[in-house]
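We use all heavy atoms of the structure for the numbers below, so side chains are in, but hydrogens, waters and symmetry mates are not. Bear in mind that the values here come from a model prediction, so they are computed numbers and not experimental data.
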There are 2 protein chains.
Amino acid sequence: MPVTIHDVAKEAGVSTSTVSKVLNHWTTISSDTTARVNAAIIKLNYTPNARAVSFARKSTRNIVYLTSLGKDEAYRNPHMFDIMCGVHKELTKHGYTLTLVDTSDEAFPGESVHNVIDGKYSDGLIIHGSAVTKDLSKLITEQDYPHIIIGHPGFESNLCWIDPNHALAGQFAARHMLLCEYSSVAFIGGKKTDYISTQRLKGFVGGMYDYGYYIPASHIGYTDSSITESYEAAYSMLTDRRPPRAIVCENNTIALGVVKAIENLSLKIPDEIALLLFDVYPYSNIIFPKPTVIDINVYDMGIQAGDIMLRKLKNPSLFVQSYTTLPILIQGQSTQPLRKQ
Amino acid sequence: MPVTIHDVAKEAGVSTSTVSKVLNHWTTISSDTTARVNAAIIKLNYTPNARAVSFARKSTRNIVYLTSLGKDEAYRNPHMFDIMCGVHKELTKHGYTLTLVDTSDEAFPGESVHNVIDGKYSDGLIIHGSAVTKDLSKLITEQDYPHIIIGHPGFESNLCWIDPNHALAGQFAARHMLLCEYSSVAFIGGKKTDYISTQRLKGFVGGMYDYGYYIPASHIGYTDSSITESYEAAYSMLTDRRPPRAIVCENNTIALGVVKAIENLSLKIPDEIALLLFDVYPYSNIIFPKPTVIDINVYDMGIQAGDIMLRKLKNPSLFVQSYTTLPILIQGQSTQPLRKQ
DNA sequence: CTGAAAGCGCTTACAG
DNA sequence: CTGAAAGCGCTTACAG
């Protein structure tokens with residue numbers, strides 16, 4: 001038979017209320033009693049029944065992480081799981097648990113959310129941006145349910161969200177290029193309709209402009225993010241009569257195409273052409289020489305999401321909509337070493 | 001105020017016991033009463049309080065997934081998360097939830113497991129093989145706690161586990177090569193101490209042998225799984241006086257090195273040299289021509305783990321130790337097309 | 001076929 | 001500083 005609070009109370013010669021108070025660190029208990037109760041707890045190896053606690057307390061100390069969990073999602077979108085790990089880390093630190101809910105295979109995703117909320121499975125909801133629909137938004141807002149969205153939803157709303165600052169990452173790229181004294185820099189990105197690519201480009205162009213450099217249209221490439229198109233974009237820029245001195249690649253696949261073009265033209269990195277990438281993942285580690293990369297610490301973004309969730313639980317009126325996660329620069333050998341730090 | 005079972009009972013004009021019985025599909029309730037209760041449930045939009053249910057029932061309908069959830073784990077080991085998604089899928093289907101527990105940052109991982117078990121957080125434990133220690137094994141075995149290990153632990157035990165059959169995958173590779181009528185086939189693998197690589201090699205060599213083909217030592221390469229060493233291994237085999245007609249690459253990184261050697265020697269795939277890889281992830285999709293791959297459906301392995309867990313909960317004496325997940329062959333253009341299917 | 005009542009293991013006003 | 005008692009929202013023998 002599992003040991004209960006009654007067993008502990010009997011062992012310590014006190015009431016169950018007193019044991020409960022010791023367990024919850026009430027300050028009104030004498031140190032003598034506290035000691036006796038703790039001794040009994042250790043002697044009996046007592047662990048409170050989490051179900052009973054959560055039931056009596058009317059709070060679960062559990063948060064639900066809502067996202068798409070289909071087959072191959074882990075390969076397609078590992079960042080999402082890295083964020084999840086960050087969230088988990090922060091919640092665990094404060095005694096909360098994390099439960100997963102999938103949105104990938106139901107007709108109406110609101111159904112499971114409705115269950116989570118009305119079934120009181122959790123105290124709050126952390127939702128990956130890709131899983132947010134307008135229906136969901138309405139449901140959460142109406143119920144005024146504690147939540148935080150990771151990655152801002154594609155529409156205006158009163159939801160709370162955080163998001164990495166991709167434009168700022170673009171500015172970082174510009175700044176680094178100028179520190180390396182490259183003024184003629186090209187940018188090869190994804191489609192014009194791609195949100196992240198557009199933000200990075202915007203930040204980059206703006207950043208260069210702030211220092212007095214203007215990027216001509218011929219030095220901006222839009223691709224479908226395939227190796228083939230990126231190769232072609234880079235090849236044509238590099239064989240132009242005024243080739244760029246450096247290329248910023250908006251993602252890893254683009255970088256592969258660009259590197260291939262550079263190899264085929266037998267150019268030396270970084271002496272003849274410099275390279276800067278966004279994201280470490282998934283190919284930066286198979287590019288030689290080791291590339292200089294601007295990365296986003298999404299694990300840290302998960303930690304922030306967890307932290308905000310916890311703060312919201314204490315203060316339900318807390319409202320957050322912000323670009324919160326800063327990019328970091330990882331210096332490699334694909335750009336000139338800086339004169340001094 | 002949330003609506004409770006009492007509200008439903010009052011609305012339907014019955015007792016709470018009766019409502020509970022309808023909720024739990026007891027067969028003793030008249031269809032007339034059932035209809036009235038269901039109508040009340042819909043009218044009031046009632047959802048049972050999961051906490052109360054789990055508490056009263058003394059079963060949580062929750063399973064804990066125990067694994068390492070540190071930073072970058074999602075990039076290092078996405079398979080683990082794919083498995084997790086499979087587990088989640090199967091559990092959800094049967095009304096169970098999945099909660100995550102991290103093993104990556106504690107001095108004694110048994111601590112959190114002890115909590116999970118004694119705190120009655122869940123009905124069972126699914127543990128990723130990499131997280132299993134002897135202490136943990138002892139704890140679980142002593143408590144006779146429902147569990148299933150994914151990937152067999154590195155030591156003998158009475159734990160229940162399932163694991164993909166890597167040796168069988170090796171046999172598949174041999175069989176496919178012979179169907180393509182390649183008899184001179186090389187194998188480039190990881191270190192001799194690598195478990196998966198060794199199993200795949202063993203299955204491959206054995207499979208070839210079963211059909212009467214013997215792989216000479218010169219056609220077996222051991223590497224540190226780096227592009228450089230794989231390149232060198234392939235280069236030396238291909239420039240040998242009796243080069244292989246096909247190469248089996250034990251993982252994706254090795255394949256990159258091998259492809260590079262093939263390119264540098266200007267050999268044509270598959271006409272001059274054929275290629276077969278293990279694993280789709282992470283680089284098979286950047287290799288041209290699209291390679292023929294032997295993959296393991298680890299998502300499906302997660303589903304199986306979930307299924308076994310559920311069966312164990314019904315029948316605690318169920319004991320499983322088996323190589324359960326079958327490899328699949330994905331035909332690409334790096335081997336001859338087969339004569340007929 | 002239905003309901004009254006005990007109980008799941010805690011927490012928390014409230015009284016002392 | 002401590003304890004008796006009510007209550008969290010269900011389930012489940014048990015009686016009828």
Side-chain angles (χ1 to χ4, degrees), chain A residues 1-38 40-41 44-62 95 97 115-123, chain B residues 1-38 40-41 44-62 95 97 115-123:
Chain A
M1 273 293 89
V3 10
T4 71
I5 201 172
H6 290 100
D7 302 318
V8 176
K10 188 181 286 178
E11 175 73 27
V14 297
S15 72
T16 59
S17 342
T18 302
V19 176
S20 175
K21 283 162 190 162
V22 171
L23 249 17
N24 292 291
H25 305 107
W26 285 36
T27 50
T28 59
I29 307 292
S30 73
S31 63
D32 184 52
T33 306
T34 303
R36 275 214 322 289
V37 170
N38 281 327
I41 287 173
L44 301 177
N45 194 20
Y46 167 69
T47 309
N49 182 321
R51 289 198 298 262
V53 173
S54 114
F55 178 55
R57 208 183 254 152
K58 283 179 277 184
S59 117
T60 58
R61 303 259 165 127
N62 180 236
T97 54
N115 258 313
V116 167
I117 298 180
D118 286 357
K120 308 208 174 31
Y121 277 98
S122 69
D123 299 344
Chain B
M1 272 298 86
V3 9
T4 71
I5 201 171
H6 291 100
D7 302 318
V8 176
K10 188 181 289 178
E11 176 72 27
V14 297
S15 72
T16 59
S17 340
T18 301
V19 176
S20 175
K21 283 163 190 162
V22 171
L23 248 18
N24 293 290
H25 306 106
W26 286 36
T27 50
T28 59
I29 307 291
S30 73
S31 62
D32 184 51
T33 306
T34 303
R36 278 215 319 289
V37 170
N38 281 327
I41 287 172
L44 301 178
N45 194 20
Y46 167 69
T47 308
N49 181 322
R51 289 200 296 263
V53 172
S54 115
F55 178 55
R57 208 183 253 151
K58 284 178 279 183
S59 117
T60 58
R61 302 259 166 129
N62 180 235
T97 53
N115 257 312
V116 167
I117 298 180
D118 287 355
K120 310 212 170 29
Y121 277 97
S122 70
D123 299 345

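- For the residue pair Ser17(A) / Ser20(A), no side-chain donor-acceptor distance below 3.5 Å is found, with atom types taken as modelled.
- Rounded to whole angstrom, the span from the CZ atom of Arg57(B) across to the P atom of dT12(D) amounts to 6 Å.
- For Ser20(B), the listed nucleotide lying nearest its side chain is dT11(D); candidates were dG9(C), dC8(D), dT11(D).
- Contact between the side-chain N/O atoms of Asn49(B) and the OP1/OP2 oxygens of dC8(D) is not found at any separation under 4.0 Å.
- Between the P atom of dC10(D) and the CZ atom of Arg51(B) lies a distance of 11 Å, rounded to the nearest Å.
- Remark: dA4(D) base-pairs with no nucleotide; criterion is Watson-Crick or G-U wobble with both hydrogen-bond distances under 3.5 Å.
- Between the CZ atom of Arg61(B) and the P atom of dC10(D) there is a distance of 15 Å, given to the nearest Å.
- Checking Ser122(A) against Asn62(A) by side-chain atom types alone, no donor-acceptor pair falls below 3.5 Å.
- For the OP1/OP2 pair of dG9(D) and a distance below 4.0 Å, the side-chain nitrogens and oxygens of Tyr46(B) include no atom meeting the criterion.
- For Phe55(B) and dC8(D), the CZ to P distance is 13 Å, given to the nearest whole Å.
- The distance from atom CG of Asn24(B) to atom P of dG9(D) is 18 Å, rounded to the nearest whole Å.
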Nucleotide N/O of nucleotides 1-3 of chain C paired with protein N/O under 3.5 Å:
| unit_1 | atom_1 | unit_2 | atom_2 | d |
| --- | --- | --- | --- | --- |
| dT2(C) | OP1 | Ser30(B) | OG | 3.2 |
| dT2(C) | OP1 | Thr33(B) | OG1 | 2.3 |
| dT2(C) | OP2 | Ser30(B) | N | 3.0 |
| dT2(C) | OP2 | Thr33(B) | OG1 | 3.3 |
| dG3(C) | OP2 | Ser15(B) | N | 3.1 |
| dG3(C) | OP2 | Ser15(B) | OG | 3.4 |
| dG3(C) | OP2 | Thr18(B) | OG1 | 2.7 |
| dG3(C) | N7 | Lys21(B) | NZ | 3.3 |
| dG3(C) | O6 | Lys21(B) | NZ | 2.6 |

_side chain to side chain contact (heavy atoms under 4.5 Å, CB included) between Thr60(A) and Phe55(A), intermediate numbers included_ = CA-CA 7 Å; Thr60(A) 58; Phe55(A) 178 55; over 6 Å; no

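- A donor-acceptor contact under 3.5 angstrom links the side chains of Ser15(B) and Thr18(B), judged on distance only.
- Between the NZ atom of Lys58(A) and the P atom of dG9(D) there is a distance of 6 Å, rounded to whole Å.
- With values rounded to the nearest 0.5 angstrom, Asp118(A) atom CG is found 10.0 Å from Asn49(B) atom CG.
- Here dC10(D) presents its P atom at 12 Å from CG of Asp118(A), a figure rounded to the nearest Å.
- Side-chain atoms of Ser30(B) and Thr33(B) form a donor-acceptor pair, as typed in the model, at a separation below 3.5 Å.
- With respect to Ile29(B), the side chain to side chain contact (heavy atoms under 4.5 Å, CB included) criterion is satisfied by exactly one of Val14(B), Val37(B), Val22(B): Val22(B).
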